[in-house]
> 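The structure that follows is given in the form of structure tokens.
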Amino acid sequence: MAEAAGDAVETIRRIKSATDGDIVVWGSLTLAETFLAAGVVDSVRLVVMPIAIGAGRGVFPSGQDPNVLNLQSATVYDQGLVELYGIRATRVDRL
């Protein structure tokens with residue numbers, strides 16, 4: 001589904017309401033950060049590579065509640081690669 005340029009949050013809300021199944025953001029921290037800050041992300045699948053570079057950009061927006069996701073699973077693959085899957089916590093989940 002192709003979308004014209006515009007407000008990304010309104011666009012993803014429109015796509016979510018018209019789509020069954022998963023919607024994936026691949027490789028855009030800026031877009032993912034925008035969606036996380038707007039509260040339109042239902043789950044996150046984060047793949048962690050065992051490489052230490054000492055600096056870089058964080059995945060989640062600064063000031064984001066660190067308890068926004070509940071870890072549902074963690075899978076370890078060859079070479080130390082780890083896939084973490086979390087779902088957005090609801091207000092009740094965080095109490």
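Below, each value reflects all heavy atoms present in this structure, side chains not excepted, and no hydrogens, waters or symmetry copies.
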> Give the cluster check for L46 versus V76: same hydrophobic cluster or not, with ILVMFWY residues linked at side-chain heavy-atom distances below 4.5 Å.
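Yes, because L46 and V76 connect within a single hydrophobic cluster, where side-chain heavy atoms sit under 4.5 Å apart.
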
> Could you tell me which non-hydrogen atom of L36 sits nearest to which non-hydrogen atom of V44, and how far apart they are?
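Scanning both residues completely, I find the closest heavy atoms to be CD2-CG2, 4.3 Å.
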
> How long is the span from the OG atom in S43 to the CG atom in N70, to the nearest 0.5 Å?
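Rounded to the nearest 0.5 Å, the OG-CG separation comes to 12.0 Å.
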
> Taking all atoms of both residues into account, what is the closest heavy-atom pair of A8 and L31, and its distance?
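Taking every non-hydrogen atom into account, CB-CD1, 3.7 Å.
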
> Evaluate the criterion side-chain contact (heavy atoms from CB on, under 4.5 Å) for residue pair L84 and R45; output intermediate values, then yes/no.
CA-CA 6 Å; L84 305 171; R45 189 171 304 272; over 6 Å; no

> Are V48 and L71 connected in a single hydrophobic cluster, I mean Ile/Leu/Val/Met/Phe/Trp/Tyr linked by side-chain heavy atoms less than 4.5 Å apart?
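They do share one cluster, since a chain of ILVMFWY contacts under 4.5 Å joins L71 to V48.
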
> Do M49 and L81 have side chains that get closer than 4.5 Å, going by heavy atoms?
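Yes; the side chains approach each other to less than 4.5 Å.
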
> Which heavy atom of K16 sits nearest to which heavy atom of V40, and what is that distance?
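Looking at all heavy atoms of both residues, the closest pair is NZ-O, 2.8 Å.
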
> Could you tell me the separation between the CD1 atom of I23 and the CD1 atom of I15, rounded to the nearest 0.5 Å?
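Here the rounded value is 6.0 Å.
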
